[in-house]
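The structure under discussion appears below in the form of C-alpha cells.
Chain A is the first sequence line, chain B the second, and so forth, proteins listed ahead of strands; every chain is numbered from 1. Predicted, not measured: the structure shown is a model, and the values here were computed from it.
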Amino acid sequence: MLDLRLIRSDPDAVKAALARRGDVDAGAVDALLALDAERREATEAAETLRAQQKQDARAVAAAQKAGEDASAAIAAARELAEQVKARAAQAAEADRALQGALAALPNLPDPTAAPADEVVREVGEAWIPDFPAQDHLALAGPRVDMERGARLSGSRFAYLRGDLVFLELALVQWTLRTLAGHGFEPVIPPVLVREEALYGTGFLPDTEQQIYHLPADDLYLAGTSEVALASMHAGEVLAAEDLPLRYAGFSPCFRREAGTAGRDTRGIFRVHQFDKVEMFSFVHPGESQAEHERLLAIEEELLTALGVPYRVVNIAVDDLGASAAKKYDCEAWLPGQAQYRELTSTSNTTDFQARRLNVRFREAKGKPAVLHTLNGTAVAVGRTMIALMENGQQADGSVVLPEVLVPFGAPARLEPLG
RNA sequence: GGAGGGGUGGCAGAGCGGUUGAAUGCGCCGGUCUUGAAAACCGGUGGGCCCGAGAGGGUCUCGCGGGUUCGAAUCCCGCCCCCUCCGCCA
C-alpha cells in the first residue's frame, strides 16, 4: 500500500515511478485522487452532521434530567439521525472505493531497480564437466521418487528419500545456525494462514492463482514463510531501539504453479511443495537499502560456503512483484542444465507491506511511523540440493557434497544409485 | 465436537443506556523538594481519519463488523481471540 499523503502531495512523482513498472494503468493515480476528494467531502459532511447529532442527544438528556418534555427534541433528532446515517454510509462507501484503489497499486520502484534484468556480478565458474554431465534427477536416482510422488499427489510432487533427507536436514540446520550468527531469530511459523496475511504481504490481490486455498476452513497454504514472518508484528508499534528485528523462518512452501504446465517438469526444480529457510527483517525506514544489501551479502555468503557458482541479477523493474521496490536474484550455475537458474531472491518491500499490515515503530518521543520490511531466501532446500548435486558431480556419477554440511549430519558424498 | 466463562487505555481494573475517551491504582514523561537518589507532592501521558499555515477544532476507536436507540463501552446479531471442564488426538 502506498502512502496516500505522498500521492496527494506529489502525484506526478508517483505516476512517474509507477510508469517505470509498466503494469499500472496511466489514469489510476488520477482516479484515486478523485476518490480521495470524494471521500473527504463525504466524510466532512457526515462528521458535521454527527457533531450536531451528539449535541442534540446531550440536549435531550439535559431536558429529561430537568424533568422537561423532550418529545419535540427527540422527534427532531430522529430526523437528523436519518441524515447522519445516509451521509455516513456515503462516506463509508467512498472510503471503501478509495481503499480498493489504493490496494490495487503496486509499490513504487527504487530508483536503482534495473530497467531490464542486469547481471551485477558472477562468482565462481560456470563450468561444464569434461565428462557427460548429468542433471540432478539422474544423479539422485531413486532418492528423488517422482513416480510415486505423482501417484500419491499428482504431478510436481516428490518423495525425497535416503541420503537426501539427511542432506536436507543438515542444510537447514547449518543455515539456521549461520543466520543465528547474523542476528536472525529462528522461527517455525504456521503455514496455513488467513486471507489478511496474504493481503498484508501483497500476495493478494495479485497472485491468487498461485495459492492453495482450503475453503472448508477458509485458510490458505502459504507459498513462503515471508507471509507468516511479516505478519508477526502486524498491528504493533515497535520501539525504535528494538530495530532491526531479524527472523529466519523455516517452513514448507506450497505453490500451485498454475500456468507453468510443461515447464521444468523434470525432477524437483519446480514442485508444489518444498522447504525453505527465509530471512525477514523489520528495519528503520532509513536502513532498508543497507539491509537489502546485507541480505544479499548473506545469500552470497551461503552460496559461496556451499561452493555453488552463481550470479547476482538486479531484477527488471517491470518484473517485480507488487510489494517489491527492488529485487535481487541469485542464480546458481547448474551444469546439468548448462544454465543459471534462480535459487534465491531478496526484496526490499519498503513500507508497502508494513503499511498494509500496520507495523509501526516509535522513536523515544515521536509519533508512531510505518517501518520498512525486507525478505530474502536463505536456502530454498530443493533447488539448493539440485545445485549441490549438479556442481558436485563426478565422472563416476557420484556427488561430492560440501564439507561444511558434514558436521550437521550430511553425507560427505552421494554414491550413484541405479 | 459438547458445556460454560471472558475480551475496557502501556499494565491491572471499575463502569453495564445519558455530557464516559472512559473512575482508581501502577507504569511512563515533566516539575517541586534533595548534595544526589528514593519517598512525597503537582502537572502531563493512546491511536486513526477530516478541517486548519498554526494554535486549535471535529469525528471514529472500550476484540472486529453490523443492528436497535434521540443517545451504546453498556442492549441485540455475526465473526475473531483467550480461559475452564468433558470428548477426541500427534
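With rounding to the nearest 0.5 Å, the separation of CZ in R8(A) from CG in L6(A) is 11.0 Å.
Relative to the side chain of K367(A), the nucleotides U68(B), G48(B), C60(B) differ in distance, and G48(B) lies closest. Of the candidate nucleotides C70(B), C49(B), U59(B), C49(B) has the atom nearest to the side chain of R5(A). In the set C50(B), G58(B), G48(B), the nucleotide with an atom closest to the side chain of A51(A) is G58(B). Closest to the side chain of I74(A), from the set U19(B), C50(B), C70(B), is C70(B).
Nearest-nucleotide mapping onto RNA chain B: of D36(A) and T48(A), the residue sitting toward the 5' end is D36(A). Comparing R58(A) and E44(A), the nucleotide of RNA chain B nearest to each residue sits closer to the 5' end for R58(A).
Atom P of G67(B) sits at a distance of 30 Å from the matching atom of G1(B), rounded to the whole Å. Atom name C1', nucleotides C75(B) and G18(B): the rounded distance is 14 Å, in whole Å. With both ends at atom C1', the span from A14(B) to C89(B) equals 42 Å, rounded to whole Å. Taking atom P on both nucleotides, G63(B) is separated from A72(B) by 16 Å, rounded to a whole Å. A distance of about 15 Å separates the C1' atoms of A12(B) and C28(B), rounded to the whole Å. For G66(B) and G52(B), the P atoms lie 27 Å apart once the distance is rounded to whole Å. With both ends at atom P, the span from G44(B) to G57(B) equals 15 Å, rounded to whole Å. Distance noted for atom C1' between A3(B) and U59(B): 43 Å (whole Å).
Side-chain atoms of H136(A) come within 3.5 Å of backbone N or O of I268(A) as a donor-acceptor pair.
No side-chain heavy atom of V191(A) sits under 4.5 Å from any side-chain heavy atom of S225(A). The shortest side-chain heavy-atom distance between T384(A) and T175(A) does not fall under the 4.5 Å cut-off. Contact annotation: the side chain of P106(A) approaches that of V24(A) to within less than 4.5 Å [non-hydrogen atoms, C-beta and beyond].
With rounding to whole Å, D217(A) atom CG is found 14 Å from G1(B) atom C1'. Taking atom CD of Q55(A) as the reference point, atom C1' of U59(B) lies 14 Å away to the nearest angstrom. Distance CD (E47(A)) to P (C60(B)): 7 Å, rounded to an integer number of Å. Here the C1' atom of nucleotide G57(B) and the NZ atom of K54(A) are 13 Å apart, to the nearest Å. Atom C1' of nucleotide C80(B) and atom CZ of R194(A) are separated by 6 Å, given to the nearest angstrom. Following rounding to the nearest Å, L98(A) (CG) and C49(B) (P) show an atom-to-atom distance of 12 Å. Between R356(A) atom CZ and G48(B) atom P the separation is 20 Å, expressed in whole Å. As a whole-Å value, the separation of L238(A) CG from G10(B) C1' is 14 Å.
Checking the phosphate oxygens (OP1, OP2) of U68(B), a side-chain nitrogen or oxygen of K85(A) falls inside 4.0 Å. Taking only side-chain nitrogens and oxygens, R40(A) never comes nearer than 4.0 Å to OP1 or OP2 of C49(B).
Pairing for A40(B) goes to U32(B), judged as Watson-Crick or G-U wobble with the two contacts each under 3.5 Å. The pairing partner recorded for G27(B) is U45(B), the criterion being a Watson-Crick or G-U wobble arrangement whose two distances lie under 3.5 angstrom. Here U69(B) sits opposite no nucleotide as a Watson-Crick or G-U wobble pair (both hydrogen-bonding atom distances under 3.5 Å). When Watson-Crick and G-U wobble pairs are counted only if both distances are under 3.5 Å, U84(B) pairs with A3(B). Pairing for A55(B) is absent, with no Watson-Crick or G-U wobble pair whose two atom distances lie under 3.5 Å. Look at A14(B): it lacks any Watson-Crick or wobble partner with both distances under 3.5 angstrom. Across the strands present, A90(B) finds no partner; the criterion is a Watson-Crick or G-U wobble pair with both atom distances under 3.5 angstrom.
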Under 3.5 Å, N/O pairs linking protein and nucleotides 71-76 of chain B:
{"from": "G71(B)", "atom 1": "OP1", "to": "Q53(A)", "atom 2": "NE2", "distance (Å)": "3.0"}

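We find that R270(A) and E257(A) are joined by a salt bridge, their nearest charged nitrogen and carboxylate oxygen being less than 4.0 Å apart.
Listed by first and then second residue, the salt bridge (charged side-chain N to carboxylate O under 4.0 Å, His left out) pairs involving residues 82-93 of chain A are E93(A)-R96(A) (not counting sequence neighbours).
With sequence neighbours left out, the side-chain contact (heavy atoms from CB on, under 4.5 Å) criterion links A316(A) to D117(A), D318(A), D319(A).
Heavy-atom contacts from other residues, nucleotides or ligands closer than 6.0 Å to CD of Q52(A) number more than 12.
Within 4.0 Å of R8(A), counting heavy atoms only, lie sugar-phosphate atoms of the nucleic acid but no base atom. Within 4.0 Å of R362(A), counting heavy atoms only, lie sugar-phosphate atoms of the nucleic acid but no base atom.
Using cut-offs of 30° and 60° for the angle between ring planes, the H233(A) and F282(A) rings count as perpendicular.
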